[in-house]
K.L.:
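Could you have a look at this structure, given as structure tokens, before my questions?
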Amino acid sequence: MGHMLNNTIQDVLIRRARMRGFNACWVPGTDHASIATEAKVVALLKEQGIHKADLSREDFLKHAWGWKEKYGGIILEQLKKLGASCDWDRTSFTMDEGMSEAVIDTFIDLYNKGYIYRGVRMVNWDPQGLTAVSDEEVIHKESTGKLVYVKYMISGTETQDVPEFITVATTRPETIMGDTAVCVNPTDERYVHLKGKHVIVPIVNRIVPIIFDEYVDAAFGTGALKVTPAHDINDFNLGQKHKLPTIDALTQEGKISEAAGAYVGLDRFACRKQIILDLTEQGLVEKVEEIKNKVGYSERTNAVIEPRLSMQWFLKMEDISKPALDAVVNGDVKLIPEKFINTYKHWMENVHDWCISRQLWWGQRIPAWYDGQGNTVVAKTKEEAFALLKAKNTSIDSNDVKQDDDVLDTWFSSWLWPMTVFDPKIITNGWDKANEDLKYYYPTNDLVTAPEILFFWVARMIIAGKEYTGLKPFNNVYLTGIVRDKQGRKMSKSLGNSPDPLDLIAKYGADGVRVGMLLCSPAGNDLMFDESYCEQGRNFANKVWNAFRLINGFEVSMPEALEGKETIYQPESSKAAITWFEQKLSEQLEIINDHYSKHRMSDALMATYKLVWDDFCAWYLEAIKPDFVDGKALPMDKSTFDATINFLEALLKIMHPWMPFITEEIWHSLKERDAKDCIIVAEWPTSLTTIDKKQLAEFEFSKELVTMVRNVRAQKQLSPKEKLEVFEKSNSERSYFDTVIIKLANLSAFNYTTEKVDGAFSFQIETTEFYIPLSSNINVEEEKERLLKELEYHKGFLKSVSVKLSNEKFVANAKPEVITVERKKESDALSKIASIEEQLKSIF
RNA sequence: GGGAGAUUAGCUCAGCUGGUUCAGAGCACCUGCCUUACAAGCAGGGGGUCACAGGUUCGAACCCUGUAUCUCCCA
């Protein structure tokens with residue numbers, strides 16, 4: 001579902017940009033998702049009884065490509081169903097020939113610049129995927145673990161009657177065999193006497209030193225820490241500092257290794273249980289506590305991550321990432337919403353070197369070559385590598401040249417995306433020789449993506465862009481929310497709580513799904529997705545279709561012989577409604593444009609929704625709809641019909657980014673058009689240069705009056721068909737919208753009077769009084785009660801305003817506009833009270 | 001452990017620089033209507049102590065402090 005949201009937003013942006021006359025280009029594509037894909041392919045082969053280990057690299061890759069051909073296009077097909085208006089001819093894949101070559105070129109270039117190095121480092125090891133994963137691919141989850149207090153005997157005290165022990169607390173007793181020291185804080189008085197002493201590691205009886213380091217927190221556990229440099233990053237750092245040996249007690253599958261010297265071959269978790277039992281038996285367990293700790297899991301395989309020492313390739317991040325940090329901090333690249341700037345900044349300022357090698361086959365193979373004698377070179381081809389190695393090792397035979405087995409992290413290819421989709425040669429050619437496409441489209445305008453890959457992808461694209469073009473890759477990064485279900489869980493295929501987008505489209509239509517997704521997606525906030533939003537989207541599409549049916553069915557009074565001349569006059573009410581809606585459309589269009597400019601998508605959609613449903617359908621169309629006489633609709637005058645068609649066309653355009661299918665359909669059903677006259681390339685409407693706010697306000701007033709009359713009907717149980725008469729108490733006559741009021745409220749007449757109308761039902765809007773003479777008698781008691789209630793309300797209001805105005809400090813400090821408004825409120829309230837009191841008097 | 005953000009109607013969210021009776025929208029809900037575009041609809045209606053406690057101010061949903069709860073990111 002994340003894809004659906006993401007791509008709907010992109011499509012809305014691209015369609016609107018296209019309509020505004022921009023050369024809008026949206027490049028679709030996919031990455032090769034090395035870990036996930038390889039895991040899928042391995043599993044698939046296993047079902048067929050084939051083991052990866054039995055296959056050659058080439059054969060395995062054939063299977064992987066087969067899998068990619070079969071499943072890789074699914075998402076793109078879903079996008080087409082959703083109506084994504086991509087530039088499909090440009091569809092790209094991170095393992096396309098050109099893109100792959102660019103990845104290799106990038107590696108070589110960065111290596112030559114000294115950014116890439118190879119080294120033994122502590123990496124996050126996925127014992128199931130059998131590969132290192134980056135820090136960002138580790139998900140930390142809280143879990144309950146056991147903190148085991150294990151007693152280590154002080155060496156040399158074993159012959160004493162009462163041997164001396166030091167107790168260490170550990171959550172990972174299975175790594176005891178890898179211990180090469182015990183560490184305490186030098187200021188911890190409990191242990192100062194142990195300076196220079198050694199302890200005996202249980203199980204393996206190894207004698208290791210007690211070391212002192214500030215790193216240890218004296219308050220945690222016993223204040224003593226077992227140091228296992230091979231299995232914990234902090235221990236590793238301690239080991240480096242104190243020059244401790246490293247014993248790797250685990251295999252890459254997460255089993256106990258030969259080097260451990262005990263429990264060899266046992267699974268790490270089974271070993272943890274067994275070792276606690278054995279130590280307890282030996283009397284070496286002081287106690288066991290339950291504690292909450294965070295455990296890292298592989299994002300791809302969900303296996304518990306094992307910190308593991310291994311030889312990996314790294315990219316030095318400190319220098320290369322600096323321009324990318326600046327670009328966001330100084331606003332050159334805008335993050336939307338802005339709250340992500342802090343997160344980004346924090347990450348970029350504390351960036352770690354990026355482990356870019358993966359122990360997989362599916363991906364771009366690292367262009368590093370070895371001679372088996374300890375020499376390493378980086379080169380594009382074996383021949384080049386051979387030549388380079390020859391320089392270091394004259395006795396080398398070409399058969400000795402072996403390429404590194406690992407591939408590069410997928411993000412090491414997708415970070416080039418904004419450049420290489422246009423020009424795969426950019427890495428070697430440089431910006432000055434970039435092709436036309438890249439020069440034209442780069443930097444791109446908008447990137448829409450999920451906040452979870454802000455660092456994986458967004459930050460790195462900025463880094464690569466700055467490095468190879470000197471420019472940012474995009475102006476705006478719109479970060480969508482995460483799609484969650486009603487219980488707040490992230491929607492994912494693995495959890496099985498995600499509806500199939502194609503099913504949703506079948507049920508609600510692509511337009512319905514698009515509208516549904518965006519109705520509930522505030523920028524940057526997660527969205528609690530529920531199918532009912534799609535239902536609302538479908539209902540809206542239905543409403544639009546019905547409005548079209550109505551308009552399409554209008555019979556225009558235009559005998560062919562009289563073309564160009566009216567055969568019937570345009571009703572005043574239609575004329576007034578057209579004047580109003582022209583203003584309303586402009587007003588709302590400006591609001592919608594403003595929402596777009598601020599990337600407030602759901603607000604832009606809701607404004608569109610209300611403009612169409614409320615203003616156009618509920619008010620405008622009702623106002624111009626011809627009357628029925630003898631069961632037949634009267635024909636409509638041509639001026640009104642033409643104006644209505646123009647309005648509908650403008651509205652269709654405004655709706656088009658959200659609902660491309662229905663708007664295109666209606667666009668073509670409305671009239672015969674040229675083959676190229678499609679709404680997808682129609683021009684985005686423009687608004688009037690000046691908007692008559694006064695007139696808009698006047699119409700709002702008229703709407704309120706109509707509503708009041710409808711209320712009276714409901715209260716008095718009068719049929720909507722019974723015509724009523726309304727009087728307005730006023731000195732001036734003729735509001736522009738009287739004819740519309742007469743039509744919509746179904747009045748026999750709308751009159752003005754300077755005198756109160758006796759015995760009529762009365763009400764007020766703002767400070768104006770209205771009367772409706774009713775044939776049936778007014779219930780005096782009911783009326784009195786209603787008026788008294790109103791009176792009470794206005795008196796209360798008056799009081800609060802008067803208090804405010806009599807407060808000297810308020811009058812002295814408040815802005816003059818505010819005081820003026822308060823004064824007006826006061827006088828309005830007074831006049832209302834007076835008129836209600838007068839009415840009350842007349843009832844008695 | 002460090003950092004970021006949030007808490008407003010049953011649900012999902014707006015609410016800009018403190019100032020209109022400012023507490024708002026959509027959905028859901030309630031009432032009445034199958035009124036020849038639309039019951040996937042029309043007309044009308046109810047509903048919130050703006051998380052809590054203080055403070056600043058003539059004035060606080062909005063600014064400050066603390067508390068609680070939740071979410072996310074990093075270690």
Side-chain angles (χ1 to χ4, degrees), chain A residues 135-136 138 140 217 220 233-234 294 296 337-347 349-352 451-452 454-455 481-482 484 486 488 490 508-509 512 516 519-530 532-533 535-554 594-595 598 600 602-603 605-607 609-610 613-614 617-618 621-622 625 628 631-633 706-715 717 719-721 746 793-794 796-798 800-801 803-815 817-822 824-825 828-829:
Chain A
D135 290 344
E136 292 76 21
V138 179
H140 295 273
D217 177 3
F220 184 78
I233 181 65
N234 298 307
K294 290 264 178 93
E338 289 180 349
K339 67 176 179 185
F340 286 107
I341 295 173
N342 278 332
T343 320
Y344 180 89
K345 199 174 156 218
H346 190 258
W347 190 78
E349 282 171 351
N350 298 285
V351 69
H352 297 112
E452 22 183 19
L454 182 59
F455 309 126
I482 294 167
R484 298 177 180 279
K486 283 214 124 175
K490 181 179 166 182
Y508 302 104
L519 275 172
C520 60
S521 57
N525 283 349
D526 291 356
L527 56 121
M528 305 296 163
F529 180 78
D530 187 86
S532 63
Y533 288 109
E535 200 179 329
Q536 193 181 347
R538 178 205 55 183
N539 292 357
F540 183 46
N542 189 52
K543 183 74 186 178
V544 171
W545 183 252
N546 280 313
F548 160 68
R549 286 210 305 141
L550 173 68
I551 293 166
N552 204 37
F554 286 151
D594 186 54
H595 284 314
K598 291 175 177 144
R600 297 158 73 132
S602 32
D603 289 337
L605 173 56
M606 188 43 70
Y609 180 93
K610 286 198 276 194
W613 198 312
D614 299 344
C617 292
L621 287 180
E622 291 301 329
K625 204 155 102 176
F628 268 79
K632 201 174 173 301
V706 171
T707 301
M708 288 303 273
V709 175
R710 284 171 179 167
N711 260 326
V712 172
R713 284 185 200 276
Q715 272 172 40
Q717 296 187 310
S719 157
K721 286 178 180 161
N746 193 25
Y793 171 85
H794 288 295
F797 175 53
L798 176 66
S800 76
V801 178
V803 165
K804 216 179 207 182
L805 281 168
S806 58
N807 181 339
E808 280 173 30
K809 284 182 176 170
F810 170 71
V811 180
N813 293 320
K815 278 183 272 179
E817 310 93 87
V818 175
I819 295 172
T820 315
V821 168
E822 292 298 316
K824 170 128 189 357
K825 275 175 7 189
D828 284 358

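Model, not experiment: these values are computed from the prediction. The figures that follow rest on heavy atoms only: side chains count, while hydrogens, waters and symmetry mates do not. Every chain is numbered from 1, with letters handed out A, B, ... down the list of sequences.
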K.L.:
When the distance from CZ of F529(A) to C1' of C13(B) is rounded to whole Å, what number comes out?
P.N.:
16 Å
K.L.:
Below 30° counts as parallel, above 60° as perpendicular, anything between as tilted: where do the rings of Y609(A) and F540(A) land?
P.N.:
tilted
K.L.:
Given the rule in the side-chain contact (heavy atoms from CB on, under 4.5 Å) test, do F810(A) and V818(A) qualify, once you have shown the distances and angles that lead to the verdict?
P.N.:
CA-CA 10 Å; F810(A) 170 71; V818(A) 175; 4.0 Å; yes
K.L.:
Can T343(A) and K339(A) be said to form a side-chain contact (heavy atoms from CB on, under 4.5 Å), step by step?
P.N.:
CA-CA 7 Å; T343(A) 320; K339(A) 67 176 179 185; over 6 Å; no
K.L.:
If the C1' atom of U56(B) is compared with that of G3(B), how far apart are they to the nearest Å?
P.N.:
28 Å
K.L.:
Taking all non-hydrogen atoms of both residues, which atom of F455(A) and which atom of Y344(A) are closest, and how far apart?
P.N.:
CE2-CA, 3.8 Å
K.L.:
When the C1' atoms of G32(B) and G48(B) are compared, how many Å lie between them, rounded to an integer?
P.N.:
27 Å
K.L.:
For the side chain of F810(A), counting heavy atoms from C-beta on, which of C58(B), G45(B), G26(B) is nearest?
P.N.:
C58(B)
K.L.:
Which atoms form the tightest heavy-atom contact between L519(A) and M606(A), and what is the distance?
P.N.:
CD2-CE, 3.5 Å
K.L.:
What are the two closest heavy atoms between V811(A) and I819(A), and how far apart are they?
P.N.:
O-CD1, 3.3 Å
K.L.:
When every nucleotide of nucleotides 35-42 of chain B is labelled 5' to 3' by its protein contacts under 4.0 Å (heavy atoms), B for base, S for sugar-phosphate only, - for none, what sequence of letters results?
P.N.:
-BBB-BSS
K.L.:
V821(A) or V811(A): which one's nearest nucleotide on RNA chain B is closer to the 5' end?
P.N.:
V821(A)
K.L.:
Could you state the interatomic distance from CD1 (I551(A)) to CG (N546(A)), rounded to the nearest 0.5 Å?
P.N.:
11.0 Å
K.L.:
Once pairs are restricted to Watson-Crick or G-U wobble with both distances under 3.5 Å, how does RNA chain B read as a dot-bracket string, [ ] for crossings and | for other-strand pairs?
P.N.:
(((((((..((((.....[....)))).(((((.......))))).....(((((..]....)))))))))))).
K.L.:
Which nucleotide wins on minimum distance to the side chain of H346(A), given the candidates G3(B), A14(B), G19(B)?
P.N.:
G3(B)
K.L.:
Taking the same atom, P, in A60(B) and in A51(B), what whole-Å distance lies between them?
P.N.:
15 Å
K.L.:
If you pin K809(A) and Y533(A) to their nearest nucleotides in RNA chain B, which one's is more 5'?
P.N.:
Y533(A)
K.L.:
Nearest whole angstrom, please: distance from the C1' of G15(B) to the NE2 of H595(A).
P.N.:
12 Å
K.L.:
For nucleotides A43(B) and G26(B), find the distance between their P atoms and express it as a whole number of Å.
P.N.:
12 Å
K.L.:
When all nucleic acid strands are considered with a 4.0 Å heavy-atom cut-off, which category describes N813(A): base, sugar-phosphate, or nothing?
P.N.:
base
K.L.:
Taking atom C1' in both U35(B) and C42(B), what distance in whole Å separates the two?
P.N.:
8 Å
K.L.:
Taking only the C1' atom of each, what is the distance from G15(B) to C50(B) in whole angstrom?
P.N.:
11 Å
K.L.:
OP1 or OP2 of G44(B) less than 4.0 angstrom from a side-chain nitrogen or oxygen of T707(A), does that happen here?
P.N.:
yes
K.L.:
Would N746(A) and R713(A) count as a side-chain contact (heavy atoms from CB on, under 4.5 Å) if you check the C-alpha gap in whole Å, the side-chain angles of each, and the deciding distance to 0.1 Å?
P.N.:
CA-CA 11 Å; N746(A) 193 25; R713(A) 284 185 200 276; 3.5 Å; yes
K.L.:
What is the distance, to the nearest angstrom, from the CG atom on L519(A) to the C1' atom on A14(B)?
P.N.:
14 Å
K.L.:
Could you state the atom-to-atom distance from CD of E338(A) to P of C16(B) in whole Å?
P.N.:
15 Å
K.L.:
Could you tell me the separation between the CG atom of L454(A) and the P atom of A4(B), rounded to a whole number of Å?
P.N.:
16 Å
K.L.:
Let me know the distance between CZ of F455(A) and C1' of C74(B), rounded to the nearest Å.
P.N.:
8 Å
K.L.:
Taking only the P atom of each, what is the distance from A75(B) to G10(B) in whole angstrom?
P.N.:
40 Å
K.L.:
Please report the shortest heavy-atom distance between H346(A) and N350(A), naming the atom on each side.
P.N.:
O-ND2, 2.7 Å
K.L.:
In whole Å, I'd like the distance from the NZ atom of K804(A) to the P atom of C58(B).
P.N.:
14 Å
K.L.:
Please assess R538(A) against N542(A) for the test side-chain contact (heavy atoms from CB on, under 4.5 Å), listing each intermediate value before the final yes or no.
P.N.:
CA-CA 6 Å; R538(A) 178 205 55 183; N542(A) 189 52; 5.5 Å; no
K.L.:
What is the distance, to the nearest angstrom, from the NE2 atom on H352(A) to the C1' atom on A75(B)?
P.N.:
8 Å
K.L.:
How about R549(A) and N552(A): does a side-chain donor come under 3.5 Å of a side-chain acceptor?
P.N.:
no
K.L.:
Counting side-chain heavy atoms from C-beta on, which of G19(B), G44(B), G5(B) comes nearest to N342(A)?
P.N.:
G5(B)
K.L.:
Rounded to whole angstrom, note down the C1' distance from G19(B) over to G59(B).
P.N.:
7 Å
K.L.:
At under 4.0 Å, does any side-chain N or O of Y609(A) touch on OP1 or OP2 of A25(B)?
P.N.:
no
